[in-house]
Amino acid sequence: MILAVRTGNTEIYCGMLDVLIELGDWRDVLARLADRVIAASKSNVPPHEGKLGRQGQALLDRLRSAMEQKT
């Protein structure tokens, strides 16, 4: 699962999350984790002005691509 995230393989990562949820008690754990990450990201988002670095741009592109696939 970690390798899927590191390599940007969203399909494998999401599939593995589905497997964890099917296995049982993971649904609540993952929901709590998501809630914590969302809450933390709301308070820790610094303003950005200027051009992103290579890794920042790659992350933004990957997130945008994942969002486009959902719609």
Side-chain angles (χ1 to χ4, degrees):
M1 191 166 172
I2 292 170
L3 288 174
V5 171
R6 289 185 56 100
T7 59
N9 195 332
T10 309
E11 186 176 337
I12 297 291
Y13 177 72
C14 290
M16 294 178 107
L17 281 176
D18 291 340
V19 169
L20 283 175
I21 289 169
E22 288 176 17
L23 289 175
D25 297 331
W26 285 97
R27 181 180 302 273
D28 292 336
V29 172
L30 294 170
R32 286 194 314 270
L33 178 60
D35 290 342
R36 290 178 62 188
V37 169
I38 290 168
S41 69
K42 286 180 182 176
S43 65
N44 293 327
V45 178
H48 176 73
E49 296 177 11
K51 188 175 179 181
L52 291 173
R54 183 178 54 84
Q55 291 180 333
Q57 187 63 51
L59 174 61
L60 181 60
D61 292 344
R62 203 164 54 221
L63 291 172
R64 284 181 177 159
S65 174
M67 292 303 293
E68 289 172 2
Q69 291 175 5
K70 281 187 168 183
T71 59

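Separating the OG1 atom in Thr7 from the CD1 atom in Ile2 is a distance of 11.5 Å, to the nearest 0.5 Å. A distance of 9.5 Å separates CG in Asn9 from SG in Cys14, rounded to the nearest 0.5 Å. A distance of 9.0 Å separates CG of Leu52 from CG of Leu59, quoted to the nearest 0.5 Å. A distance of 6.0 Å separates CZ of Arg32 from CG of Asp28, quoted to the nearest 0.5 Å.
Counting heavy-atom neighbours within 6.0 Å of Asp18 CG, excluding the residue itself, gives a total above 12. Counting heavy atoms of neighbouring residues, nucleotides and ligands inside a 6.0 Å radius, atom CZ of Arg27 does not exceed 12 of them.
Pairing each heavy atom of Trp26 with each of Ile21, the nearest pair is CB-N, 4.3 Å.
Cluster membership for Leu33 and Leu63, using ILVMFWY side-chain heavy atoms within less than 4.5 angstrom, is not shared.
Taking 4.5 Å as the limit, some side-chain heavy atom of Val19 sits within range of a side-chain heavy atom of Leu23.
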Legend entry - Test log, rule side-chain contact (heavy atoms from CB on, under 4.5 Å), inputs Leu20 and Met16: CA-CA 6 Å; Leu20 283 175; Met16 294 178 107; 5.9 Å; no

